[in-house]
Amino acid sequence: MTQIENMLPYDNGYDQDEYMMQEEEWDRDLLLDPAWEKQQRKTFTAWCNSHLRKAGVQIENIEEDFRNGLKLMLLLEVISGERLSKPDRGKMRFHKIANVNKALDFITSKGVKLVSIGAEEIVDGNVKMTLGMIWTIILRFAIQDISVEGIKAIICRLLITECQCTELPCQVSWKDGLAFCALIHRHRPDLIDYAKLNKDDALGNLNLAFDIAEKHLDIPKMLDAEDIVNTPKPDERAIMTYVSCFYHAFAGAEQAETAANRICKILGVNQENEKLMEEYERLASELLEWIRRTTPWLENRVSEKTMALMQRKLEDFRDYRRMHKPPKVQEKCQLEINFNTLQTKLRISNRPAFMPSEGKMVSDIASAWQGLEQAEKGYEEWLLTEIRKLQRVDHLAEKFRQKATSHETWASGKEEILTQKDYESASLMEIRALLRKHEAFESDLSAHQDRVEQIAAIAQELNELDYHDVAAVNQRCQSICDVWDQLGTLTQKRREALERTEKLLETVEQLFLEYAKRSAPFNSWLEGAMEDLQDMFIVHTIEEVQSLLAAHEQFKSTLPEADAERQAILGIQQEVQKIFHSYGIHGNLTNPYSTISPEEILSKWEKVKKLVPQRDGALQEELARQHGNERLRRQFAAQANLIGPWIQTRMEEIGRCSLEIGGTLEDQMTQLKQYEHVIISYKPNIDKLEGDHQLIQESLIFDNKHTNYTMEHIRVGWELLLTTVARTINDIETQILTRDAKGISQEQMNEFRSSFNHFDRVLFSDQSLSPTTTKISELQQQLQPRSEGEVEFARIMMLVDPNATGVVTFQSFIDFMTRETADTDTSEQVVASFRILAADKSYILIDELRRELPRDQAEYCISRMPPYTGPGAVPGALDYTAFSTALYGESDL
């Protein structure tokens with residue numbers, strides 16, 4: 001339908017001004033003919049549904065379904081391609097009126113004058129006002145773009161070529177259906193055999209045209225054949241609306257040769273970019289696979305049962321830090337650089353940004369890497385915690401064994417003694433001696449109460465710490481407690497028996513009793529002292545060792561008092577011997593009330609005196625070891641306090657370099673390369689610090705008060721410094737690539753940088769922003785748009801910050817400054833080009849592609865175009881529309 005200005009004038013019986021009449025004339029036509037009203041309701045409803053179906057919505061009753069204004073606003077958004085203001089979701093009348101007013105305001109904003117059509121009439125379901133409003137929308141969005149001459153040319157050409165009309169001006173009647181059939185036959189002769197149509201079969205002709213238009217041309221059935229045939233004069237607006245659909249369906253296009261050349265150029269660029277995308281996918285997959293394999297190992301928190309196995313885990317972790325992770329850090333950095341380079345090439349060629357496969361975006365890799373480092377940090381902390389725990393557990397287990405053995409030795413044979421019935425045949429003095437001996441045993445038993453409680457407390461703590469042989473500990477502890485309870489019961493029973501017998505006995509040897517009472521606690525003190533002097537200890541600081549030394553000195557200060565008590569106890573025994581000798585008493589000098597002999601007390605006292613200097617030596621040795629650990633801490637702190645500020649200084653220098661405007665981009669690149677060389681040369685200092693850190697870990701040193709820097713801080717800062725200098729170099733390379741690709745001079749680039757820096761007032765106050773980004777809030781403060789410029793300002797913001805991140809990169813700023821003058825391609829141009837090659841079909845055949853395009857380009861299209869499944873599909877048909885939109889990222893193909 002080209003060259004329409006050369007067509008003969010045509011008069012279809014309607015005054016063209018009636019189609020474009022202002023709405024003030026609608027008031028004079030409120031009393032519509034019922035037949036016309038029926039036709040308009042059906043036609044307008046079908047026309048609205050033809051657009052609303054794109055949003056998955058339909059209407060059934062045109063005056064009812066538009067009353068709340070929601071579907072009316074949705075219709076305007078679909079046909080205009082613009083977003084309206086957010087609708088009110090309430091169900092009350094004022095909510096509906098507000099929504100309808102928003103729709104009417106939008107229509108008015110498009111230059112359409114609405115007269116006598118108010119929101120209240122639409123909300124009240126006024127049929128005529130609703131139809132008038134829909135007709136106004138059709139005029140603005142469907143018919144306004146079609147010139148009057150164009151419509152006349154279409155119809156006149158049909159009459160001359162198809163209807164064989166030879167009289168001028170041509171006259172046509174829509175009632176017989178031939179005009180509709182001729183319109184279809186002119187553009188799609190394969191759908192209708194016009195020569196076989198019968199002018200007298202108006203109903204059949206109309207139904208044939210309506211059915212074919214709906215099935216093959218995607219034009220919904222807006223008219224009823226019976227209504228047209230039975231109406232003297234069909235409604236002109238219904239006819240005009242339906243005919244406009246044919247006009248839009250048969251719009252023309254560009255020449256095939258230009259379309260083919262454009263497609264070849266676009267496909268060539270696309271093929272090159274796809275190779276880069278596949279390389280990125282491969283590298284990303286390998287890195288993610290390594291992270292996927294490594295993370296579960298770092299997240300494994302299954303503790304080993306022994307210290308040796310946990311030390312082995314620590315060695316494996318050190319090997320990972322030294323040998324396995326550093327190459328992957330470099331791979332990650334290189335992958336980000338490759339991704340940025342690819343995005344720059346896509347931007348320059350006006351291609352949509354590369355969207356990697358699901359889970360392989362740079363942010364996904366960064367997230368996975370962050371998860372790896374988080375697991376790594378948690379793994380190291382867990383290892384050190386578990387080692388501390390195992391040290392504590394081993395110490396407690398050994399302490400439990402010593403105390404349990406000592407108590408079991410003491411308790412051995414006590415049950416047999418308590419179950420004896422020797423008092424039944426003993427003399428009075430023997431009974432009294434037995435009673436006193438039992439009192440001494442009770443005193444000894446009470447002295448052992450604390451030991452039993454200590455044993456139970458240690459066993460409980462071993463249970464809480466999940467000691468690997470806790471079952472044996474529990475069994476042994478339970479056995480000690482059972483014996484202890486049994487001893488308590490037997491002790492009480494024996495006392496009751498002796499007290500019953502005591503009433504019959506009066507003689508007692510007071511001197512032996514005093515010896516027994518004083519020797520038992522002293523013996524317990526001796527045993528406790530020996531246990532304390534042989535007790536194991538574990539410390540981490542000099543202060544803890546000094547605390548143990550102070551406690552030991554305090555213990556030594558009690559020895560003179562204990563020695564006096566020992567001499568007093570031995571003096572009692574000497575007094576007994578003197579009495580026996582003085583009064584000539586013959587008999588056994590063994591004390592019946594005590595099992596503790598003077599020799600035993602003397603032996604234990606000598607042993608205590610030997611253990612005291614041994615304890616002194618052990619504590620002094622531990623003090624020397626802690627001094628050595630302190631030297632390691634200070635040595636590490638001295639290096640860390642130099643390296644940390646050095647890394648910070650290099651970061652600030654890189655930031656200042658990226659903001660300098662005086663030199664060229666190549667000068668900035670040279671300076672950054674020099675910084676990179678200095679940073680790499682500094683690596684031996686980091687390695688030396690790693691060595692000192694390893695010595696600290698091997699010495700099981702867990703804290704360092706001389707520095708705020710940990711090895712983890714230094715590692716993170718070092719890796720961030722390497723990544724920052726690499727990314728900054730990549731940014732400069734990207735700017736050079738953009739400058740050369742778009743022909744930007746160095747002076748223009750400096751001017752862009754100066755303008756960009758003018759807005760970047762939060763350059764280093766916000767550490768989340770790089771030196772080549774600025775906040776949109778800064779731009780909004782400097783570029784406060786006037787009310788009439790808000791739309792343009794919003795458009796600019798969509799260009800420089802399409803993802804609404806709140807920041808604008810320098811690269812986006814340069815792209816915006818140069819985009820307006822660039823000669824770019826769009827998906828609509830590619831679709832139009834393919835439509836020319838396909839001879840106005842909605843699909844294209846393989847033979848047509850091979851005939852119009854070079855061989856490699858044609859095969860590329862064939863391998864990637866999806867099959868066409870729309871109306872009129874034939875075997876081998878390919879969907880070039882989906883393929884074209886996919887090239888520009890506008891579909892999920």
Item to complete: For the pair Trp484 and His407, name the ring-plane relationship: parallel under 30°, tilted 30 to 60°, perpendicular over 60°.
Response: tilted
Fill in: Any side-chain donor near an acceptor of the partner, Asp450 and Gln454, under 3.5 Å
no
Item to complete: Please test Ile686 against Arg715 for side-chain contact (heavy atoms from CB on, under 4.5 Å), starting from the C-alpha separation and ending with a verdict.
Response: CA-CA 8 Å; Ile686 304 298; Arg715 291 192 193 104; over 6 Å; no
Worksheet item: Taking Thr558 for the side chain and Phe555 for the main chain, is one N or O donor matched with an acceptor at less than 3.5 Å?
Response: yes
Practice prompt. Kindly indicate, with the supporting measurements, whether the criterion salt bridge (Lys or Arg N to Asp or Glu O under 4.0 Å) is fulfilled by Glu496 and Lys493.
Written response: CA-CA 5 Å; Glu496 292 172 356; Lys493 289 181 179 179; over 6 Å; no
Worksheet item: Is the closest side-chain donor-acceptor distance between Arg476 and Thr405 under 3.5 Å?
Response: yes
Discussion item. Between Glu606 and Lys609, does any side-chain N to carboxylate O distance fall below 4.0 Å?
Written reply: yes
Worksheet item: Between His706 and Phe636, is any pair of side-chain heavy atoms under 4.5 Å apart?
Response: no
Worksheet item: Counting distance only, does the side-chain N/O of Ser367 pair as donor-acceptor with the main-chain N or O of Ser363 below 3.5 Å?
Response: no
Discussion item. Using side-chain contact (heavy atoms from CB on, under 4.5 Å), reason through Thr724 and Ile679 one step at a time and then give a plain yes or no.
Written reply: CA-CA 11 Å; Thr724 299; Ile679 291 169; over 6 Å; no
Discussion item. For a quick check under 3.5 Å, do Gln420 and Glu416 share a side-chain donor-acceptor pair by atom type?
Written reply: no
Discussion item. Donor-acceptor check, side chain of Ser681 to backbone of His677, threshold 3.5 angstrom: yes or no?
Written reply: yes
Item to complete: Would you indicate whether Gln554, at its atom CD, is surrounded by more than 12 heavy atoms from other residues, nucleotides or ligands within a distance under 6.0 Å?
Response: no
Discussion item. Quick one, Leu689 and Asn685 - any side-chain contact, counting heavy atoms below 4.5 Å?
Written reply: no
Discussion item. Looking at Glu439, is its backbone amide N or carbonyl O close enough to the side chain of Ser443 to form a donor-acceptor pair, meaning the two atoms are under 3.5 Å apart?
Written reply: no
Fill in: Note, Leu611 side chain near Lys607 side chain (heavy atom, < 4.5 Å)
yes
Worksheet item: Is any side-chain heavy atom of Leu695 closer than 4.5 Å to a side-chain heavy atom of Gln635?
Response: no
Worksheet item: In chain order, what residues pass the side-chain hydrogen bond (donor to acceptor under 3.5 Å, both in side chains) check against Gln567, with sequence neighbours excluded?
Response: Asp563
Discussion item. Which label fits Trp410 and Phe441: parallel for a plane angle under 30°, tilted from 30 to 60°, or perpendicular past 60°?
Written reply: parallel
Fill in: More than 12 heavy atoms of other groups within 6.0 Å of Glu408 CD
yes
Fill in: Note, Asp703 side chain near Arg633 side chain (heavy atom, < 4.5 Å)
yes
Worksheet entry | Heavy-atom closest pair, residues Tyr709 and Ile714 | CD2-CD1, 4.0 Å
Item to complete: Let me see the working for Gln449 and Glu453 under side chain to side chain donor-acceptor pair (under 3.5 Å), right down to the final yes or no.
Response: CA-CA 6 Å; Gln449 176 69 35; Glu453 292 176 355; 3.2 Å; yes
Worksheet item: Is the count of non-hydrogen atoms from other residues, nucleotides or ligands lying under 6.0 Å from Asn463 atom CG greater than 12?
Response: yes
Item to complete: Taking the side chain as every heavy atom from C-beta outward, state whether Arg495 and Thr491 have any atom pair closer than 4.5 Å.
Response: no
Worksheet entry | Chi angles and distances behind the side-chain contact (heavy atoms from CB on, under 4.5 Å) call for Leu720, Ile647 | CA-CA 9 Å; Leu720 178 61; Ile647 291 175; over 6 Å; no
Worksheet entry | CG-CD distance between Leu721 and Glu676, expressed to the nearest 0.5 angstrom | 10.0 Å
Worksheet item: Got a second to check how far Ile480's CD1 is from Leu487's CG, nearest 0.5 Å?
Response: 11.5 Å
Item to complete: Consider only side-chain N and O atoms of Gln694 and Glu698, and report whether a donor and an acceptor are under 3.5 Å apart.
Response: yes
Fill in: Closest heavy-atom pair and its distance - Ala456, Cys477
CA-SG, 3.9 Å
Discussion item. Run the side chain to side chain donor-acceptor pair (under 3.5 Å) test on Gln478 and Asn474 for me, step by step, so that the C-alpha distance in whole Å, both residues' side-chain angles and the decisive distance to 0.1 Å come before the verdict.
Written reply: CA-CA 6 Å; Gln478 186 62 42; Asn474 290 337; over 6 Å; no
Worksheet item: Given side chains that start at C-beta, do those of Lys437 and Thr595 come closer than 4.5 Å, heavy atoms only?
Response: yes
Under 3.5 Å donor-acceptor pairs involving side-chain atoms of residues 519-533, not counting sequence neighbours:
| from | atom 1 | to | atom 2 | distance (Å) |
| --- | --- | --- | --- | --- |
| Ser519 | OG | Tyr515 | O | 2.7 |
| Ser519 | OG | Ala516 | O | 3.2 |
| Asn523 | OD1 | Lys604 | NZ | 2.6 |
| Asn523 | ND2 | Glu527 | OE2 | 3.3 |
| Ser524 | OG | Asp444 | OD1 | 3.4 |
| Ser524 | OG | Ala520 | O | 3.2 |
| Glu527 | OE1 | Arg451 | NH1 | 3.1 |
| Glu527 | OE1 | Arg451 | NH2 | 3.4 |
| Glu527 | OE2 | Lys604 | NZ | 2.9 |
| Glu531 | OE1 | Lys403 | NZ | 3.3 |
| Glu531 | OE2 | Ser406 | OG | 3.0 |

Discussion item. Any heavy-atom pair between the side chains of His693 and Thr710 that's under 4.5 Å?
Written reply: no
Worksheet entry | Donor-acceptor contact below 3.5 Å, side chain Ser547 vs main chain Glu543 | no
Worksheet item: Which distance, rounded to the nearest 0.5 Å, do you find between the CG of Asp485 and the CG of Leu490?
Response: 11.0 Å
